[in-house]
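Read through the structure below, which is laid out as C-alpha cells, and then see the notes.
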Amino acid sequence: MAKEIISGSEALMRSLHNEGVDTIFGYPGGAIMPVYDSIYKYTRGDNNLFKHILVRHEQAAAHAAEGYARVSGKVGVCIVTSGPGATNTLTGVADAMMDSTPIVVIAGQVGVGALGTDAFQEVDLVGVAQPITKWAYQIRRPEDVAWAVSRAFYIARSGRPGPVVLDFPKNAQNGKCEYEPVSVNHVRSYVPYPKVNEENVKAAAEIINNAKRPFALVGHGVELGGAEKELAEFLEKGDIPAGRTLLGLSALPTEHPLDMGMLGMHGSYACNMQTQKCDVLIAIGMRFSDRITGVPSEYAKQAKIIHFDIDPSEINKVIKTDVSVLGDCKQSLPAVTKLLKKCSHKEWIDSFKPYAEEENEKVISKDLHPADGPLLMGEVVNAVTEATHNEAVLVNDVGQNQMESSRYFKFTKNRSIVTSGGFGTMGFGLPAAVGACFGAPDRTVCLFCGDGGFQMSIQELGTIMEQRLPLKMILLNNNYLGNVRQWQDLMFGGRRSFTRMMNPHYEEIIRGYGIEYDVVTDRKNLKEKVEKMVSSKGAYLLECAIKEDEDIVPMTMPGTNVDDMQLELHY
C-alpha cells in the first residue's frame with residue numbers, strides 16, 4: 001500500500017499530534033509561513049487538533065510554553081520564525097535549561113540553499129542554541145520531520161527534562177515526503193534513567209538509620225519525577241524534617257508537620273541555621289545552587305551528605321557527597337524507604353521551633369500583620385493565598401515580589417509554583433502565567449509581579465485579552481527595582497543608581513485591554529478588594545501601592561555562610 005505524500009509542514013502537524021500536543025504558543029513570520037498555513041488547517045472545523053495561542057513577543061512564547069509545562073507535566077511547544085523570532089526565544093530556552101523544564105521550540109529558517117549567505121533573517125540557530133539546550137537540530141529534509149519531532153519530545157521529557165530546539169528550513173517545510181509516524185524511545189549514548197545502584201541504596205539507608213539529626217532538602221526533581229507520594233512516605237518513616245527549594249515548594253504541602261520552610265538566601269531562618277547543625281543532609285532532586293549553599297566550602301561541613309538525583313553531572317559538582325543515589329526519585333526514594341527503620345526525631349525536630357519563633361516575632365508577624373504605615377508585600381500575599389484557600393497556582397516574576405510571594409504563599413497541591421529560579425528572568429511572570437492558564441484551566445492562577453518585571457512583558461496583556469483568560473494579576477508597585485535597590489542600600493552605600501522607576505498610569509493601560517482593574521492604597525480595603533478579584537470571572541489586575549523601601553528579610557548576604565542569616569539588616 002502506497003504511503004501518503006504530504007508536505008514537511010503537514011508532517012510537523014501530524015507529528016506534534018502524535019506526541020499528544022494540544023496547545024501551541026507562537027508568532028508567525030516569513031520563514032515559518034508554510035507551517036502556519038498548515039496550522040490554519042489544523043485549528044479549524046472537524047480537523048481542529050490544536051489551540052494556537054498568538055503571543056505578542058517570541059520570548060513570551062517560550063515562557064508561556066514553560067508555564068504550560070510546569071503545571072501540566074507535559075512538554076510545552078512554541079513555533080516562531082527565523083532570525084530575530086528565533087533568537088527572541090533563547091532567553092526562555094536558557095531559562096528552561098536552568099530549571100529543567102521540557103519545551104520544544106520550532107523555528108523557521110531560510111532554505112538550505114541560502115544557508116551561509118547572510119540571507120534575510122538568517123542566523124545559525126543550532127550553533128547559538130546548542131550550549132543552552134538538551135538537543136538542537138536542523139531538519140533539512142521533509143522526510144526527517146517525523147523522526148526529528150519524536151526524538152525532540154523524547155529528549156525533552158525524559159530523564160532530567162529540558163528544552164530542545166528544532167531549526168526548520170523553508171525547503172523542508174515545503175518539500176514533499178512519504179509520511180509515516182515515528183516513535184523514538186532510545187538514543188545511543190543517552191541514558192536518561194540511570195539504574196539505581198543497590199549498594200548505594202543500602203549505604204544511604206544505613207547512614208539515615210544511624211542519624212540523630214537528619215535534614216532533607218526537597219527540590220524540583222521530586223515534582224518532575226511525580227514522586228510527591230514517595231517523598232512523603234520517605235520523610236514520614238524516617239521522621240525527617242525537610243526544607244524546600246524555591247522550585248520545590250509545592251512538592252510537599254506547606255502545612256505538612258515535617259515541612260520546615262523554604263531554603264535559601266531569603267528562606268526560613270530555621271532551615272538555614274539547622275543546615276549547619278544536622279548530622280546527615282539528604283538532598284533530593286536539587287542541585288545545590290549558590291542561593292542555597294552560601295559559601296560551599298563552609299556548607300554543612302559537619303554532616304554526611306546523601307544526594308538523590310537523576311543527573312550524574314550534579315553529583316559532587318558543588319558539594320562533595322558521601323553517598324549518591326542516582327536514578328529517578330520515584331524509584332530511588334522507595335528503594336531507600338524500604339530499608340529505613342521507623343524512627344522518631346522529636347527532639348531534633350523541636351529544635352527548629354525556637355528559630356521559627358524568633359523569625360515569626362522579628363519578621364513574619366510584622367510582614368503579615370503590620371500595625372500601621374504603607375502596605376507591605378507579605379500582607380498582600382497572605383490575603384491572596386487565604387482568599388484562594390491555599391489551592392491556587394502561584395506564578396511570579398523575579399525580584400522582591402518573587403521572594404515574598406514564595407515565602408508566604410501556601411501550597412496544598414503539587415505543581416503549584418511557576419517561577420524563574422536558576423536564570424532569574426525578569427519579564428517571565430506574565431507570559432508564564434498565560435501558559436499556566438492553559439496548562440491548568442480548572443485552577444485559579446495568581447500572578448505576582450513587580451512594576452519592573454511587569455513592564456518587561458506588558459504587551460502580553462494583549463494575549464490575555466484575546467484569549468479571555470481568567471488570570472488574577474497582583475502588581476506590587478513600589479516605584480523601584482526593589483531587589484537591586486535593596487542590594488544598593490546594603491552594599492553600595494545607599495547609592496540608588498537608576499533603580500527608581502517612573503511608572504505609567506496602569507489603570508488606563510489595563511482598561512485599554514478590557515481587563516478589570518482596581519487599586520489598593522490602604523490595608524483596611526485589602527481583604528475586600530482581594531476577594532473581589534478572586535471571585536471575578538475574567539482577567540483582573542489589582543495594583544497594590546506598597547512601601548517603597550521595604551526590604552526582604554531574612555537574608556543571607558552574598559559571600560557569607562548560611563547560618564550568618566540576618567533577621568534584621570544592618571546598613
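In this text, all values refer to a predicted model and were calculated from it rather than measured experimentally.
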Result for side chain to side chain contact (heavy atoms under 4.5 Å, CB included) between M473 and one of L542, L430, V445 points to L430
Under the rule for side chain to side chain contact (heavy atoms under 4.5 Å, CB included), what residues qualify as partners of A211, not counting sequence neighbours?
P214, D279, V280
Would you please name every residue forming a side chain to side chain donor-acceptor pair (under 3.5 Å) with R407, sequence neighbours left out?
E359
I'd like to check I132 versus L90 (side-chain heavy atoms, cut-off strictly below 4.5 Å). Are they in contact?
yes
Quick test of your reading: applying side-chain hydrogen bond (donor to acceptor under 3.5 Å, both in side chains), list the pairs with at least one residue in residues 214-225, sequence neighbours left out, ordered by first then second residue.
E223-S250
For ring-ring contact (aromatic ring centres under 6.0 Å, His included), just list the numbers for F25 and H63, CA-CA rounded to whole Å, side-chain angles, deciding distance to a tenth of an Å, and then say yes or no.
CA-CA 9 Å; F25 304 93; H63 291 323; over 10 Å; no
Tell me the salt bridge (charged side-chain N to carboxylate O under 4.0 Å, His left out) pairs involving residues 479-491, sequence neighbours left out?
R485-D489, R485-D551, D489-R496
Set of side chain to side chain contact (heavy atoms under 4.5 Å, CB included) partners for C271, sequence neighbours left out
F215, M260, L263, S268
Evaluate whether atom CD of E206 has more than 12 neighbouring non-hydrogen atoms of other residues, nucleotides or ligands under 6.0 angstrom away.
no
Determine whether S420 and D95 satisfy the following criterion, side chain to side chain donor-acceptor pair (under 3.5 Å), listing intermediate values before the conclusion.
CA-CA 7 Å; S420 175; D95 192 280; 2.5 Å; yes
Less than 4.5 Å apart, side chain to side chain, heavy atoms only: is that true for N396 and S406?
yes
Can you label the angle between the F409 ring and the F411 ring as parallel, tilted or perpendicular, going by 30° and 60°?
tilted
Ignoring hydrogens, what is the shortest heavy-atom contact between I306 and A204? Give both atom names and the distance.
CD1-O, 3.7 Å
Taking the side chain as every heavy atom from C-beta outward, state whether L246 and R291 have any atom pair closer than 4.5 Å.
no
Show the numbers, then the answer: is there a side chain to side chain donor-acceptor pair (under 3.5 Å) between E298 and N561?
CA-CA 7 Å; E298 299 297 317; N561 301 331; 4.5 Å; no
Do R443 and S416 meet the criterion of a side-chain donor-acceptor pair at a distance under 3.5 Å?
yes
Ring pair (Phe, Tyr, Trp, His ring centres under 6.0 Å) filter on F448, not counting sequence neighbours, yields none
Going by the rule side chain to side chain contact (heavy atoms under 4.5 Å, CB included), which residues pair with M565 if we only count those two or more places apart in sequence or in a different chain?
Y269, N272, P554, T556
Shortest non-hydrogen contact from G67 to V418?
CA-CG1, 4.0 Å
Could you measure the distance from the CG atom of D239 to the CD1 atom of I208? Nearest 0.5 Å is fine.
13.0 Å
Residue pairs involving residues 368-396 (criterion salt bridge (charged side-chain N to carboxylate O under 4.0 Å, His left out); sequence neighbours excluded):
E379-R523
Decide salt bridge (Lys or Arg N to Asp or Glu O under 4.0 Å) for D322 and K304; before the verdict, give the C-alpha distance in whole Å, the side-chain angles of both, and the deciding distance to 0.1 Å.
CA-CA 6 Å; D322 292 276; K304 291 186 176 180; over 6 Å; no
State whether the number of non-hydrogen atoms from other residues, nucleotides or ligands found under 6.0 Å of E528 atom CD is greater than 12.
no
Could you walk me through whether Q274 and D563 satisfy the side chain to side chain donor-acceptor pair (under 3.5 Å) test, starting with their C-alpha distance in whole Å, then the side-chain angles of each, then the deciding distance to 0.1 Å, before giving a yes or no?
CA-CA 8 Å; Q274 298 295 71; D563 56 345; over 6 Å; no
Which residues pass the side chain to side chain contact (heavy atoms under 4.5 Å, CB included) test with E233, sequence neighbours left out?
K229
Please assess R500 against E548 for the test salt bridge (Lys or Arg N to Asp or Glu O under 4.0 Å), listing each intermediate value before the final yes or no.
CA-CA 9 Å; R500 184 167 180 82; E548 287 196 346; 3.0 Å; yes
So do M557 and M491 actually touch side chain to side chain, heavy atoms under 4.5 Å?
yes
Begin from the C-alpha positions of K353 and E357 and carry the test salt bridge (Lys or Arg N to Asp or Glu O under 4.0 Å) through to its verdict.
CA-CA 6 Å; K353 292 178 182 177; E357 289 168 357; over 6 Å; no
For the residue pair D451 and N479, confirm or rule out a side-chain donor-acceptor distance under 3.5 Å.
no
Answer yes or no: is there a side-chain heavy-atom contact under 4.5 Å between M501 and L481?
yes
Residues in side chain to side chain donor-acceptor pair (under 3.5 Å) contact with T385, at least two apart in sequence or another chain:
N390
Taking the side chain as every heavy atom from C-beta outward, state whether T412 and P253 have any pair of such atoms under 4.5 Å apart.
no
For F498, does the CZ atom sit with more than 12 other heavy atoms under 6.0 Å from it, leaving out its own atoms?
no
Under 3.5 Å, is there a donor-acceptor pair linking the side chains of T419 and Q402?
yes
D518 side, atom CG; K529 side, atom NZ - distance, nearest 0.5 Å:
4.0 Å
Qualifying salt bridge (charged side-chain N to carboxylate O under 4.0 Å, His left out) pairs, either residue in residues 323-334, two or more places apart:
E230-K330
Where do C329 and A227 come nearest, in terms of heavy atoms and distance?
SG-CB, 3.7 Å
d(M377 CE, C544 SG) to nearest 0.5 Å is 11.5 Å
Hey, are N477 and E543 close enough side-chain-wise for a donor-acceptor pair under 3.5 Å?
yes
Got a sec: does the NZ of K237 have more than 12 other heavy atoms crowding it under 6.0 Å?
yes
Which residue pairs pass the salt bridge (charged side-chain N to carboxylate O under 4.0 Å, His left out) test when at least one of the two sits in residues 254-276, sequence neighbours left out?
R244-D259
Is the shortest side-chain heavy-atom distance between R495 and S497 below 4.5 Å?
no
Testing the 3.5 Å rule here: is there a donor-acceptor pair between the side chains of Q400 and E550?
no
Side-chain donor-acceptor contact under 3.5 Å, D99 with T101
no
